[in-house]
Participant: 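Sharing a structure below in structure tokens format, with a few things to ask.
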Amino acid sequence: EACPMPGLLQNRITKVAVATDGRHLRLSWADGSATSFDMAPVVAQGGVFTGLRDPLALAEVTVGPRGRSLVWPGEIDLDADALWFDAHPADNPFNQPAAAE
């Protein structure tokens, strides 16, 4: 029987703001912590994120339902767990070393 992965689905964003540099998002979390996320690598990937190179478009970010994502108009979103694990890589169950057999 599989154990639930720690951290997944527990990370909830309560507030988001674009930093004055126009590229970082300041995130407030339900546990009271705060982190910063650099959007530059995301928008550099292009695709659906290309439009977020415009600071006015980036500033349209809101917290998604139940705090589980960040969303922008045009059905663009980023997952809360991915944002949490970016700031807390040690919490990411996908980055853990494989158990010795």
Side-chain angles (χ1 to χ4, degrees):
E1 167 176 329
C3 294
M5 287 188 256
L8 292 175
L9 305 176
Q10 297 175 12
N11 306 303
R12 302 206 185 285
I13 302 165
T14 57
K15 185 178 175 187
V16 61
V18 179
T20 56
D21 67 6
R23 94 180 233 179
H24 286 85
L25 301 177
R26 294 187 321 243
L27 307 173
S28 298
W29 297 90
D31 71 354
S33 66
T35 60
S36 179
F37 182 75
D38 186 356
M39 285 295 294
V42 176
V43 299
Q45 293 176 14
V48 298
F49 297 105
T50 301
L52 300 182
R53 291 179 183 155
D54 177 351
L56 294 177
L58 183 64
E60 292 186 49
V61 64
T62 59
V63 177
R66 299 175 309 285
R68 295 293 302 135
S69 61
L70 296 179
V71 296
W72 288 266
E75 299 185 24
I76 301 169
D77 63 9
L78 289 174
D79 177 70
D81 290 328
L83 294 163
W84 179 267
F85 295 145
D86 178 77
H88 304 92
D91 290 352
N92 189 338
F94 301 107
N95 287 346
Q96 303 305 316
E101 299 205 11

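Just so you know, residue 1 is the first one in the sequence shown, and it goes up from there.
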Participant: Side-chain contact, heavy-atom cut-off 4.5 Å: His88 with Thr35?
Facilitator: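 Contact flag for His88/Thr35 side chains = yes.
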Participant: Does Asp38 form a side-chain contact (heavy atoms from CB on, under 4.5 Å) with Arg23? I'd like the steps, not just the answer.
Facilitator: CA-CA 6 Å; Asp38 186 356; Arg23 94 180 233 179; 2.5 Å; yes
Participant: Testing the basics here: between Ser36 and His24, what is the closest heavy-atom pair and its distance to 0.1 Å?
Facilitator: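 Looking at all heavy atoms of both residues, the shortest contact is OG-CD2, 3.4 Å.
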Participant: Taking the side chain as every heavy atom from C-beta outward, state whether Ile76 and Val71 have any pair of such atoms under 4.5 Å apart.
Facilitator: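 When only atoms from C-beta onward are counted, Val71 and Ile76 do not touch, as no gap falls below 4.5 Å.
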Participant: Side chains of Leu27 and Trp84: does their closest heavy-atom pair fall under 4.5 Å?
Facilitator: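 A side-chain contact under 4.5 Å is absent here.
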Participant: What heavy-atom pair brings Gly51 and Ala57 nearest, and what distance separates the two atoms?
Facilitator: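 In this case the closest contact between Gly51 and Ala57 is O-CB, 3.3 Å.
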Participant: Would you check if the side chain of Ser28 reaches a backbone N or O of Thr14 as a donor-acceptor pair within less than 3.5 Å?
Facilitator: no
Participant: Which heavy atom of Asp91 sits nearest a heavy atom of Phe85, and at what distance?
Facilitator: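 Between these two residues, the closest heavy atoms are O-CE2, 3.4 Å.
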Participant: Please round to the nearest 0.5 Å and tell me the distance separating atom CZ of Arg26 and atom CG of Asp21.
Facilitator: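 The distance works out to 9.0 Å.
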Participant: Check whether any side-chain N or O of Trp72 sits under 3.5 Å from a backbone N or O of Leu58 as a donor-acceptor pair, and report yes or no.
Facilitator: yes
Participant: Do you know the tightest heavy-atom contact between Pro65 and Ser69?
Facilitator: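 So the two residues come closest at CD-OG, 4.3 Å.
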Participant: Please test Leu70 against Leu83 for side-chain contact (heavy atoms from CB on, under 4.5 Å), starting from the C-alpha separation and ending with a verdict.
Facilitator: CA-CA 9 Å; Leu70 296 179; Leu83 294 163; 3.6 Å; yes
Participant: Can a salt bridge be assigned to the pair Asp81 and Arg68 using a cut-off of 4.0 Å between side-chain N and carboxylate O?
Facilitator: yes
Participant: Using every non-hydrogen atom in the two residues, find where Ala80 and Asn11 come nearest and quote the distance to one decimal.
Facilitator: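 Closest approach of Ala80 to Asn11: CB-O, 3.4 Å.
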